[in-house]
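Below: the structure, in structure tokens.
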Amino acid sequence: MLQVHFIRENKQMVLDGLAKRNFANAETIVDQVLTADENRRKTQVFLDEALAESNKLSKEIGNFFKSGEKQKATLLKEKSGQLKEKSKEMAVSLQAFSDELQRLLYQIPNVPHASVKAGNSEADNEEIYKEGSIPVLGENAIPHWELAKKYDIIDFELGTKIAGAGFPVYKGKGARLQRALINYFLDKNTKAGYTEIQVPHLVNEASGIGTGQLPDKEGQMYHVGEDDLYLIPTAEVPITNIFRGNLVQESDFPITYTGYTPCFRREAGSYGSHVRGLNRLHQFDKVEIVRVEHPENSYQALNGMVEHIKDILRELKLPYKILRLCGGDTGFTAAITFDFEVFSTAQDRWLEISSASNFENFQANRLKLRFKNKEGKSELAHTLNGSSLALPRVLAAILENYQTEDGIQIPEVLIPYCGFDVIN
RNA sequence: AGAGAGGUGGCCGAGUGGUCGAAGGCGCACGCCUGGAAAGUGUGUAUACGGCAACGUAUCGAGGGUUCGAAUCCCUUCCUCUCUGCCA
């Protein structure tokens, strides 16, 4: 959520930013925000004056009672009663303006970073980096869902039986490879200074609002009605919400966490051939990195996250590229997002396996995550996160790119974690 | 799930109708002391909104109510803890 005073003072900049996202009716909604804000402030001034008068009267009444001047007190009581009626009305309209303001603010996405280009869809994303060579596969190379069947390492039908489509069952070496990847990623992140953490896989409504999944995007999450909890779509939600409402010390920065969790996504509305196999699932595993940073350092931190993810992909020897998402493709809460895509050779497709974002103070404003700055004032912190990495597509790329006539070779760096070097 | 206790500032913790935005402690900041530090000692130190400011208003889990006046009394609700039950 953007801060009202920021919008008030940087209206044109906000409009320009929203234009890069192709955000509809930006000017209308921004004007509505400014109107609601002005009404709210005006009403508050009136209300404050009425309440100040009322407080003054109460004190006088108290004094009259003490000194035994009951008649004077009774007179003032009447006046006070009338004042109360009036202030109640004003309080109601103040609340209405505040609610309206809040409702509007929730609808406005983050202002993109200056380097983010305008654009409508993924077609407008900019490729900014590419590394690794695409392997040349044999004539009999097959996509990962066929490999999964051939070597009996992932059973999609079995998952459908016990849960539904998009809930695969990993078996034998397939399961072990999953576990190896999780451990490898966590070790890698821990070595880079991130503190490993295990968090709940269900979150309450306040957490969903804190990181921006709620309101409006309920449909993307599984909801447990009985207890009003949501299954997490990413570890970002519980990890970032650790800091909801917190006032941290400046010396606590940088705050860095990594955690493995399963992720649950309803993926309502996505279907078709591109969701085959591991490409898009309702439940998948992911290792996440989250940072809470001083505003001055957040872009340096983002850069560090990008370099860190590069390093992982280099070790896995997977060909990858990095995209800077255009305005229209950047998530609601992010100011900038870098997507990492690996090449899944047998499918002849790039698959998104990580996305690293700086939310600046957009989430922090919802979370009320602040720190004391040098002047002793509290200031919103910056939050960032990135995947390191999402497992299914990494697995898909490994299976496809490392396939040989004799089986699937295991990337060298994973062999110690797997305990085997080939799936055959 | 049943019974009980409780939710107060960055943290701990007093406070049962006006003198309470709130004692005391810890922490933190600045000063004194010291060769330097620790200890000791003095002062300061909640947040949000509005206002150039003086200042005003609100906030003691949340929402309602009683009252001229509520941290304090009443109702509703959420959460936490303890015991019992169930269970990995």
Side-chain angles (χ1 to χ4, degrees), chain A residues 1-9 33-105 198 200-210 214 223-230 238 241-253 255 262 292 294 361 364-381:
Chain A
M1 179 166 73
L2 297 175
Q3 298 180 99
V4 199
H5 73 257
F6 179 83
I7 299 177
R8 209 190 299 152
E9 285 156 28
V33 163
L34 296 178
T35 307
D37 178 46
E38 208 182 315
N39 287 335
R40 195 202 93 243
R41 282 184 294 154
K42 268 190 204 154
T43 311
Q44 190 180 338
V45 170
F46 285 131
L47 176 61
D48 283 358
E49 280 167 2
L51 291 174
E53 178 69 17
S54 177
N55 287 343
K56 216 174 93 190
L57 285 178
S58 288
K59 278 204 179 109
E60 286 174 23
I61 292 167
N63 288 335
F64 282 137
F65 271 124
K66 263 179 215 160
S67 59
E69 296 170 90
K70 289 226 167 90
Q71 281 190 325
K72 283 185 178 175
T74 314
L75 217 68
L76 286 187
K77 266 166 103 165
E78 217 166 286
K79 206 170 154 194
S80 173
Q82 290 166 4
L83 206 53
K84 200 185 173 184
E85 293 286 310
K86 215 169 95 189
S87 59
K88 231 177 196 173
E89 276 170 38
M90 284 190 282
V92 168
S93 72
L94 178 65
Q95 190 61 49
F97 286 129
S98 300
D99 290 348
E100 167 79 353
L101 183 61
Q102 181 79 313
R103 190 183 65 76
L104 291 165
L105 285 173
Q198 293 196 9
H201 298 167
L202 282 85
V203 294
N204 56 27
E205 188 188 20
S207 293
I209 290 172
L214 299 173
H223 182 235
V224 183
E226 185 80 15
D227 296 294
D228 197 17
L229 294 170
Y230 296 86
N241 270 284
I242 288 172
F243 301 98
R244 173 155 44 86
N246 281 17
L247 184 63
V248 302
Q249 297 299 316
E250 202 168 355
S251 56
D252 293 337
F253 294 131
I255 296 169
V292 181
H294 192 288
N361 65 21
N365 191 31
R366 288 187 171 206
L367 293 161
K368 296 290 167 264
L369 162 50
R370 296 156 304 166
F371 67 97
K372 285 261 189 213
N373 66 20
K374 289 193 178 63
E375 289 84 51
K377 299 261 185 195
S378 52
E379 190 180 335
L380 294 172

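Note: hydrogens, waters and symmetry copies are ignored here, and every other heavy atom, side chains too, is used. Order of the sequence lines fixes the chain letters, A, B, ..., with proteins taken first and strands second; residue numbering starts at 1 for each chain.
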What's the closest nucleotide to the side chain of A:Ser378 if the choices are B:G50, B:G56, B:A48?
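Between B:G50, B:G56, B:A48, the one nearest the side chain of A:Ser378 would be B:A48.
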From B:U57, B:G50, B:G65, pick the nucleotide closest to the side chain of A:Arg8?
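For the A:Arg8 side chain, the nearest candidate turns out to be B:G50.
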Please report the distance separating the [atom1] of [N] from the corresponding atom of [M], rounded so that it comes out in whole Å.
| N | M | atom1 | answer |
| --- | --- | --- | --- |
| B:C49 | B:G31 | P | 31 Å |
| B:A38 | B:C33 | P | 15 Å |
| B:G44 | B:C79 | C1' | 35 Å |
| B:C75 | B:G13 | P | 26 Å |
| B:U59 | B:A70 | C1' | 13 Å |
| B:G63 | B:C30 | C1' | 42 Å |
| B:A23 | B:C60 | P | 16 Å |
| B:G85 | B:A3 | P | 15 Å |

Polar pairs (N or O, both sides) under 3.5 Å between protein and nucleotides 85-88 of chain B?
none

Just the table, please: protein N/O against nucleotides 25-30 of chain B N/O, every pair under 3.5 Å.
none

Parallel, tilted or perpendicular: ring planes of A:His294 versus A:Phe253, cut at 30 and 60 degrees
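The rings of A:His294 and A:Phe253 stand perpendicular, inter-plane angle above 60°.
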Value in whole Å for how far the [atom2] atom of [N] lies from [atom1] of [X]:
| X | N | atom1 | atom2 | answer |
| --- | --- | --- | --- | --- |
| A:Glu379 | B:A48 | CD | C1' | 16 Å |
| A:Leu51 | B:C55 | CG | P | 20 Å |
| A:Phe46 | B:A58 | CZ | P | 18 Å |
| A:Phe97 | B:A58 | CZ | P | 20 Å |
| A:Arg40 | B:A48 | CZ | P | 14 Å |
| A:Glu49 | B:C55 | CD | C1' | 12 Å |
| A:Lys368 | B:G10 | NZ | C1' | 18 Å |
| A:Leu247 | B:G10 | CG | P | 7 Å |

In Å, rounded to the nearest 0.5 Å, how long is the span from [atom1] of [X] to [atom2] of [Y]?
| X | Y | atom1 | atom2 | result |
| --- | --- | --- | --- | --- |
| A:Glu379 | A:Leu247 | CD | CG | 11.5 Å |
| A:Glu38 | A:Phe97 | CD | CZ | 10.5 Å |
| A:Leu380 | A:Asn361 | CG | CG | 5.0 Å |
| A:Glu49 | A:Glu53 | CD | CD | 10.0 Å |
| A:Lys59 | A:Leu76 | NZ | CG | 14.5 Å |
| A:Leu51 | A:Lys84 | CG | NZ | 11.0 Å |

Heavy-atom nearest nucleotide on RNA chain B for A:Asp37 versus A:Glu53: which residue maps closer to 5'?
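First, find each residue's nearest nucleotide; the 5'-ward one identifies A:Asp37.
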Given RNA chain B, 5'-ward residue of the pair A:Arg41 and A:Ser80, judged by closest heavy atom
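Nearest nucleotide further toward 5': that of A:Arg41.
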State plainly whether the residues A:Glu100 and A:Arg103 are in salt-bridge range, i.e. N to O under 4.0 Å.
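Salt bridge: yes.
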Tell me yes or no: between the side chains of A:Ser58 and A:Asn55, is some donor less than 3.5 Å from an acceptor?
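Side-chain D/A pair, A:Ser58 to A:Asn55: absent.
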For [N], does OP1 or OP2 lie under 4.0 Å from any side-chain N or O of [X]?
| X | N | answer |
| --- | --- | --- |
| A:Asn55 | B:U57 | yes |
| A:Arg370 | B:G10 | no |
| A:Lys84 | B:G69 | yes |

Watson-Crick and G-U pairing of RNA chain B, under 3.5 Å, as dot-bracket with | and [ ]
((((((((.[[[..)..(.....]]]((((((.......))))))(((((....))))).[[[[[..)....]]]]])))))))....
Is it the case that the side chain of A:Ser98 and the backbone of A:Leu94 share a donor-acceptor pair, with hydrogens and angles ignored and the cut-off at 3.5 Å?
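Judged by distance alone, yes, a pair lies under 3.5 Å.
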Whether A:Asn241 side chain and A:Arg244 backbone form a donor-acceptor pair below 3.5 Å:
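Absent.
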Does some side-chain heavy atom of A:Val248 sit less than 4.5 Å from a side-chain heavy atom of A:Ile255?
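Sidechains of A:Val248 and A:Ile255: in contact.
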Report yes if the side chains of A:Asn246 and A:Lys368 come closer than 4.5 Å at any heavy-atom pair, otherwise no.
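No, every pair of side-chain atoms sits at 4.5 Å or beyond.
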Shortest non-hydrogen contact from A:Leu104 toward A:Ala36
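Smallest heavy-atom distance, with atoms named: CD1-CB, 4.4 Å.
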Please report the shortest heavy-atom distance between A:His223 and A:Asp228, naming the atom on each side.
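Taking A:His223 first and A:Asp228 second, the nearest heavy atoms are NE2-OD1, 2.7 Å.
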For A:Phe6, is the CZ atom crowded, meaning more than 12 foreign heavy atoms sit under 6.0 Å from it?
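Yes.
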Does a sphere of radius 6.0 Å around CD in A:Glu9 hold more than 12 heavy atoms from other residues, nucleotides or ligands, not counting ones at 6.0 Å or beyond?
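More than 12 heavy atoms, drawn from other residues, nucleotides or ligands, come within 6.0 Å of this atom.
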Could you pull out the protein-nucleic contacts involving nucleotides 74-80 of chain B (nitrogen or oxygen on both sides, under 3.5 Å)?
none

Results of salt bridge (charged side-chain N to carboxylate O under 4.0 Å, His left out) for A:Arg40 - residues two or more places apart only:
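Here the qualifying residues are A:Asp37.
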Pick out the pairs of N or O atoms, protein on one side and nucleotides 18-21 of chain B on the other, that lie under 3.5 Å.
residue: B:G18; atom: N2; partner: A:Ser58; partner atom: O; Å: 3.0

